[in-house]
Amino acid sequence: MKAIKITDLVQWLLIGGIIIFFIIPVITLITAGLFEGQPLQGAVRILWQSGWLAGFLNSVIHAGIAAALATITAWLLAYGMHFSRLFQPIRQFSDLLFRLPMLLPTITYGFVLLYCFGKQGLWTRILGFELFDLYGSSGVILGYFIYTLPTAYLLLYNGMDYLDQQYLVVSRLLGDSPITSVLQNVLRPMQKLIGISFCQTFFMAFTDFGIPTAVGGRKVFITTLLYEGFTGSIPDFQKGSLVALSMLIPSLFSVLLIRQLQKLQQSFKQRRKVPVVANLARDSFLGLLFVLVGGSLLAMFSVMFIIPFVTAWPYEMIFTTENFRAFFADDLLSNTLSNSLIVSLISAVVGMSIAYLAGIVTSFSRQNSIAAKGIDLFATLTNSFPGMVLGVMFLLAFSGTTLHNTLSILVIANIIHFFATPYQMAKESFQKMDHSWEKTSQIMGDRWIDLVWRIIIPNSRGTILEMMSYYFTNSMVTISGLIFLVSARTSVMTTKIKELQHFGRFVDIFILSLLILAINCVALFAIKLTKKYWGKKKEVTLNQKQFHFPRILFKREMQKFSSK
């Protein structure tokens, strides 16, 4: 009974936090857009005349094209990883390249494209001509594609790992052609994941702010329109709030569509692996695709490692480290580095703790409680909630409070923005555990905290590290959720990049981007080493003496656990 009371108390504390930091800001946003300032009809007319429809349609069309291209390419790359006989080191190196863009802020992609394909870009100078007009649709779609490809690739790669490869062998033995066999046994079982991949990548592109602001040119996008509404020469909070509310329309459709896709039948009960049959045509095509995609990413992001070490691109091509000396001598720039590290570290630790605790109390308690349903609903909503809209909500709700212009509000924004995925990680980990542990602890009168500390946490160490890694890397690269919340004193590296753009300080932009990349790589490496160390420890089970149950009861519970 004690455990139930504690979990219920924790649930309602979490609900209280959701009300304060999500529900109230949402109400504030609705009030600012619909009931403050001009009458609603006049505000909508101004919004319409400001190019809202063009910006909304531009975002939908460009995001849709990029999401489709990213999903198709990601499926082919994932297929090549699992069902080809390409040289293993090539696959491992390509896998790293396909994930690389995730470690950088999206606003950097635009400047990378500029220094690659602009009039004075690296590859423009090498080739002697411009491959395409960078500013506008071409640059935005390419930037969106680079941004969304790693997410689609990881989702489809992990999903393809659960396919039963023996069906491919049976299909070929029955006389099916290679294409028919792949369509029936690889493509068809993954239709749900493919749909989810498209929805997620579309939403990521639709709500992105960094790429349109860097290479959008004169095209209006919904995110740039929102930014201008709050930070333009004449800010209009009502107009900006209406734009923010309109961005929630795709969020609603995304949630509904993903829920429908979840209902599709999909079975991954068996994971039988079989040797891949040699096929020269298939491996040649996939090898060429790997080289094309991986080589293009490497070629594009290589400018980040060149520009900061050149005296003055493209006029003085002399190696120098003076740019780095000047950067670290600038207190304002070095201060953004410390701010980013502080915000990301606190977000990782506190965010992981909250998401983990939420996962525990909703998994090891009454599943049909109102509080548990509220937490699950909150996770569903935040999974498809635009970061810029969250930033606007916080700006309107907490302006003038003690949180305003502090690092604390940045941490809270990150915790809410990235809550959904770590929360689901925790719940999936807990679903694999034996819930009879909780019942046994209640019967024997042990404290709920003993169950959590001595059994649940040791058996989910890897998940804890993955949750911290997710929070840290995303907090380092995000810009959309923080762009409205920073001040000169609390600026972080991603928002500083946006500021430096106005002054044309692209060398400093690339130095900041390199630092973000290096920090994320070090963090991931540290997480990997920690997981390897923890992996050597034995899984904590109920028959260990450190838990307070009688030995006979331990054996009974372990036999029950083993029979499953």
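The figures here come from the full heavy-atom set of this structure, side chains too, leaving out hydrogens, waters and symmetry mates.
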Checklist line | Where Thr490 and Asn405 come nearest, the two heavy atoms and their spacing | finding: CG2-O, 3.4 Å
Margin query: Would you say the rings of Phe378 and Tyr423 are close, in the sense that their centroids are separated by under 6.0 Å?
Written below: no
Next item on the list: Assess whether salt bridge (charged side-chain N to carboxylate O under 4.0 Å, His left out) is satisfied between Asp376 and Lys427, documenting all intermediate values.
Entry: CA-CA 10 Å; Asp376 282 333; Lys427 291 201 72 172; 3.3 Å; yes
Notebook entry, point to check: With distance as the sole test, does Ser384 use its side chain to make a donor-acceptor pair with the main-chain N or O of Leu381 at under 3.5 Å?
Noted result: no
Notebook entry, point to check: Are Asp330 and Arg505 close enough, and set up right, to give a salt bridge (charged side-chain N to carboxylate O under 4.0 Å, His left out), and what steps lead you there?
Noted result: CA-CA 13 Å; Asp330 189 333; Arg505 296 173 60 178; 3.6 Å; yes
Note to self: Between Leu142 and Phe117, is there a side-chain heavy-atom distance shorter than 4.5 Å?
What the structure shows: yes
Checklist line | Pair Phe510 + Phe305: ring centers closer than 6.0 Å | finding: no
Notebook entry, point to check: What closest approach, in Å, do Leu156 and Thr71 show between heavy atoms, and which atom pair accounts for it?
Noted result: CD1-O, 3.7 Å
Notebook entry, point to check: Do the side chains of Phe503 and Asp508 get nearer than 4.5 Å, heavy atoms only?
Noted result: no
Item checked: Ring-face cation contact, Tyr227 with Lys498, 6.0 Å cut, 45° max -> yes
Note to self: If you define the side chain from C-beta out and look only at heavy atoms, does anything of Lys219 sit under 4.5 Å from Pro212?
What the structure shows: no
Next item on the list: Start with the C-alpha gap between Ile211 and Phe221, add the side-chain angles, then the distance that decides, and say whether side-chain contact (heavy atoms from CB on, under 4.5 Å) holds.
Entry: CA-CA 10 Å; Ile211 294 168; Phe221 291 86; over 6 Å; no
Checklist line | side-chain hydrogen bond (donor to acceptor under 3.5 Å, both in side chains) assessment of Ser460 paired with Tyr356 | finding: CA-CA 10 Å; Ser460 57; Tyr356 189 81; 2.5 Å; yes
Item checked: Which atom of Leu465 lies closest to which atom of Lys531, heavy atoms considered -> CD1-CG, 3.2 Å
Notebook entry, point to check: So, for Phe98 and Tyr157, is the gap between ring centers shorter than 6.0 Å?
Noted result: no
Note to self: If you define the side chain from C-beta out and look only at heavy atoms, does anything of Pro105 sit under 4.5 Å from Ile497?
What the structure shows: yes
Check: Is it true that the side chains of Asp208 and Thr106 contain a donor and an acceptor less than 3.5 Å apart?
Finding: yes
Note to self: Between Thr108 and Ser513, does the side-chain hydrogen bond (donor to acceptor under 3.5 Å, both in side chains) criterion hold? Intermediate values first, please.
What the structure shows: CA-CA 7 Å; Thr108 299; Ser513 301; 2.8 Å; yes
Note to self: To check you understand the geometry: which heavy-atom pair defines the closest contact between Val220 and Asn58, and what is its length?
What the structure shows: O-ND2, 2.9 Å
Next item on the list: Would you check if Val310 and Thr320 make a side-chain contact, meaning some heavy-atom pair closer than 4.5 Å?
Entry: no
Margin query: Any side-chain to backbone donor/acceptor pair from Asn335 onto Asp331? Under 3.5 Å, distance only.
Written below: no
Item checked: Tyr109 and Tyr147 aromatic ring geometry - parallel, tilted or perpendicular at 30°/60° bounds -> tilted
Checklist line | Between NE2 on residue His404 and CZ on residue Phe398, distance to nearest 0.5 Å | finding: 12.0 Å
Notebook entry, point to check: Would a line drawn from the ring center of Phe394 to the ring center of Phe484 be shorter than 6.0 Å?
Noted result: no
Notebook entry, point to check: What about Tyr115 and Phe506, are their ring centers closer than 6.0 Å?
Noted result: yes
Check: Shortest non-hydrogen contact from Ile146 to Pro150?
Finding: O-CD, 3.1 Å
Item checked: Closest non-hydrogen atom pair, Val140 against Gly216 -> CG2-CA, 3.7 Å
Margin query: To the nearest 0.5 Å, what is the distance between CG on Leu403 and CG on Leu410?
Written below: 10.0 Å
Check: With distance as the sole test, does Tyr144 use its side chain to make a donor-acceptor pair with the main-chain N or O of Ala205 at under 3.5 Å?
Finding: yes
Next item on the list: Would you please indicate if the ring centroids of His62 and Phe206 are separated by under 6.0 Å?
Entry: no
Next item on the list: Quick one: do Asp95 and Arg99 satisfy salt bridge (charged side-chain N to carboxylate O under 4.0 Å, His left out)? Show the steps, please.
Entry: CA-CA 6 Å; Asp95 182 69; Arg99 300 167 188 253; 2.9 Å; yes
Margin query: Tell me if the CZ atom of Phe132 is crowded by more than 12 foreign heavy atoms within 6.0 Å.
Written below: yes
Note to self: Between Thr495 and Ser491, do the side chains contain a donor N or O and an acceptor N or O under 3.5 Å apart?
What the structure shows: yes
Notebook entry, point to check: Do the side chain of Thr382 and the main chain of Ala379 share a donor and acceptor less than 3.5 angstrom apart?
Noted result: yes
